[in-house]
Every structure is written in structure tokens, then in C-alpha cells.
Asks: 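Could you have a look at this structure, given as C-alpha cells, before my questions?
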Amino acid sequence: VQLQASGGGLVQAGGSLSLSCAASGLAFSRYTMAWFRRPPGGEREFVSSIRTNARTHYGDSVKGRFTISRDNTKNTVYLHINSLNTDDAAVYYCAAVLGSRYYSTTAPYEYWGQGTLVTVSS
């Protein structure tokens with residue numbers, strides 16, 4: 001199984017960014033997909049998840065600014081980020097867990113991508 005995250009980069013505060021995570025080696029449509037992030041010097045934290053039935057969940061700090069979506073025909077999950085601020089600077093990871101569940105902690109997730117770095121300039 002491979003999860004390949006991409007789309008990170010340097011963005012000005014107030015800008016937008018879209019991240020992608022392409023999955024291979026798993027029955028993608030059967031997995032809940034999630035995004036976590038690790039800010040500099042911080043712990044990995046839940047950002048968003050999307051279940052197999054497309055139900056979505058968001059961390060409190062990103063509600064209203066982030067949108068998660070998935071395309072089962074492309075085995076890809078997306079995270080669109082609006083109104084970036086410096087607190088959003090982090091390495092963003094995608095993760096997968098079998099079934100339709102809401103988990104906001106890292107432990108249940110079976111597979112992880114390598115991370116993509118988002119840097120925000122003020």
C-alpha cells in the first residue's frame with residue numbers, strides 16, 4: 001500500500017492551496033481517508049476525514065476553511081485549504097483506515113503517506 005501526498009508549498013497568508021493524496025494497493029472506496037498535520041515542534045493533529053459514504057469531519061481549527069473530498073475513480077483524496085494563516089504551516093499527512101469510521105486520533109489509521117510541507121508567509 002502506498003499513499004502519495006502532494007501539493008504542498010509556500011503560500012502567503014490569506015491564500016489557498018490544494019493537497020492531493022493518491023492511494024495504491026488498497027480497495028480505496030472501502031477506506032475512510034483522513035488528513036493530519038504536524039506543525040513545527042508540535043504533535044500530529046487531526047485535520048479532516050471523509051468516510052466511505054462521503055461523510056466528512058473537521059478539526060475545530062479548520063472548520064469553514066478546509067474542504068476534504070475524494071474521487072474513488074482516481075483513488076485520490078483532496079484537501080482544499082482557504083484563508084491560510086501561519087498556524088496552518090505544517091507537514092500534512094494523509095492516512096487510511098478500513099471501513100466507515102470517524103477517528104480523530106492517529107492510532108486507528110493503518111496506512112500513512114510521507115507528508116507534504118505547507119509553509120505560510122505572513
Side-chain angles (χ1 to χ4, degrees):
V1 173
Q2 279 196 324
L3 301 181
Q4 184 70 42
S6 62
L10 174 62
V11 184
Q12 278 194 326
S16 300
L17 195 66
S18 288
L19 306 181
S20 300
C21 174
S24 60
L26 77 170
F28 182 78
S29 63
R30 298 176 59 198
Y31 282 75
T32 289
M33 301 300 296
W35 289 94
F36 286 76
R37 67 185 182 186
R38 187 197 303 270
E43 299 292 323
R44 198 170 296 197
E45 62 183 21
F46 175 77
V47 173
S48 182
S49 66
I50 184 166
R51 297 192 195 180
T52 59
N53 61 0
R55 183 173 177 182
T56 59
H57 301 273
Y58 295 93
D60 289 341
S61 63
V62 307
K63 282 180 182 175
R65 298 189 299 119
F66 289 27
T67 303
I68 191 170
S69 61
R70 65 190 298 160
D71 185 340
N72 290 341
T73 67
K74 296 182 179 180
N75 288 2
T76 301
V77 61
Y78 305 95
L79 185 69
H80 187 69
I81 307 171
N82 285 324
S83 302
L84 275 157
N85 59 59
T86 54
D87 289 339
D88 297 320
V91 178
Y92 284 72
Y93 300 89
C94 56
V97 60
L98 184 63
S100 187
R101 295 282 189 269
Y102 167 52
Y103 297 116
S104 61
T105 58
T106 59
Y109 289 87
E110 301 166 61
Y111 304 110
W112 290 85
Q114 84 290 357
T116 186
L117 177 64
V118 174
T119 305
V120 182
S121 63
S122 58

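Counting from 1, the numbers follow the sequence of the chain as shown.
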Asks: Assigning hydrophobic clusters by single linkage (Ile, Leu, Val, Met, Phe, Trp, Tyr; side-chain heavy-atom cutoff under 4.5 Å), is Tyr78 placed with Tyr111?
Replies: no
Asks: Using a 6.0 Å cut-off, check whether atom CD of Gln114 has over 12 heavy atoms from anything other than its own residue.
Replies: yes
Asks: Can you see which heavy atom on Cys21 is nearest to which on Leu3, and at what distance?
Replies: SG-CB, 3.9 Å
Asks: Excluding sequence neighbours, so at least two apart, what forms ring pair (Phe, Tyr, Trp, His ring centres under 6.0 Å) with Phe46?
Replies: Phe36, Tyr102
Asks: Distance from Ser122 atom OG to Gln12 atom CD, nearest 0.5 Å?
Replies: 9.5 Å
Asks: Kindly state each residue pair satisfying salt bridge (Lys or Arg N to Asp or Glu O under 4.0 Å) with at least one member in residues 1-20, sequence neighbours excluded.
Replies: none
Asks: Keeping the roles fixed (side chain from Thr116, backbone from Ala5), state whether a donor-acceptor pair exists under 3.5 Å.
Replies: no
Asks: Report yes if the side chains of Arg65 and Asn85 come closer than 4.5 Å at any heavy-atom pair, otherwise no.
Replies: yes
Asks: Treating Ile, Leu, Val, Met, Phe, Trp and Tyr as nodes and any side-chain heavy-atom pair under 4.5 angstrom as an edge, say whether Phe66 and Val11 lie in one connected cluster.
Replies: yes
Asks: Would you compute the distance between atom OG of Ser16 and atom CG of Leu84 and round it to the nearest 0.5 angstrom?
Replies: 6.5 Å
Asks: Looking at every heavy atom in both Arg70 and Ser29, which two are closest together, and how far apart are they?
Replies: NH2-CA, 3.9 Å
Asks: In terms of hydrophobic clusters joined by side-chain contacts under 4.5 Å, are Val97 and Val1 together?
Replies: no
Asks: Measure across Ser49 and Thr32 and return the closest heavy-atom pair with its distance rounded to 0.1 Å.
Replies: CB-CG2, 4.3 Å
Asks: Working to the nearest 0.5 Å, report the span between CG of Leu98 and CG of Leu26.
Replies: 9.0 Å
Asks: Counting N and O atoms only, with roles assigned by atom type, does the side chain of Thr76 sit under 3.5 Å from a partner on the main chain of Ala22, one being a donor and the other an acceptor?
Replies: no
Asks: Check the hydrophobic clustering (I, L, V, M, F, W, Y; side-chain heavy atoms under 4.5 Å; chains of links allowed) and say if Val91 and Tyr109 are grouped together.
Replies: yes
Asks: From Phe28 CZ over to Asp71 CG, what is the distance, rounded to the nearest 0.5 angstrom?
Replies: 8.0 Å
Asks: With rounding to the nearest 0.5 Å, note down the distance linking CD in Gln4 to OG in Ser20.
Replies: 11.0 Å
Asks: Sequence neighbours left out, what passes side chain to side chain contact (heavy atoms under 4.5 Å, CB included) with Ser61? Give chain and number order.
Replies: Arg37
Asks: At what distance, to the nearest 0.5 angstrom, does CG of Asn72 lie from CE of Met33?
Replies: 10.0 Å
Asks: Between Val77 and Tyr93, is there shared hydrophobic-cluster membership here, with clusters defined by ILVMFWY side-chain heavy atoms closer than 4.5 Å?
Replies: no
Asks: Measure from the side-chain N and O atoms of Ser48 to the backbone N and O of His57, and report whether any donor-acceptor pair falls under 3.5 Å.
Replies: yes
Asks: Would you say Val118 and Asp88 make side-chain contact, with heavy atoms under 4.5 Å?
Replies: no
Asks: For Leu79 and Tyr92: C-alpha separation, side-chain torsions, deciding distance, then whether side-chain contact (heavy atoms from CB on, under 4.5 Å) applies.
Replies: CA-CA 10 Å; Leu79 185 69; Tyr92 284 72; 4.1 Å; yes
Asks: Report yes if the side chains of Trp35 and Ile68 come closer than 4.5 Å at any heavy-atom pair, otherwise no.
Replies: yes
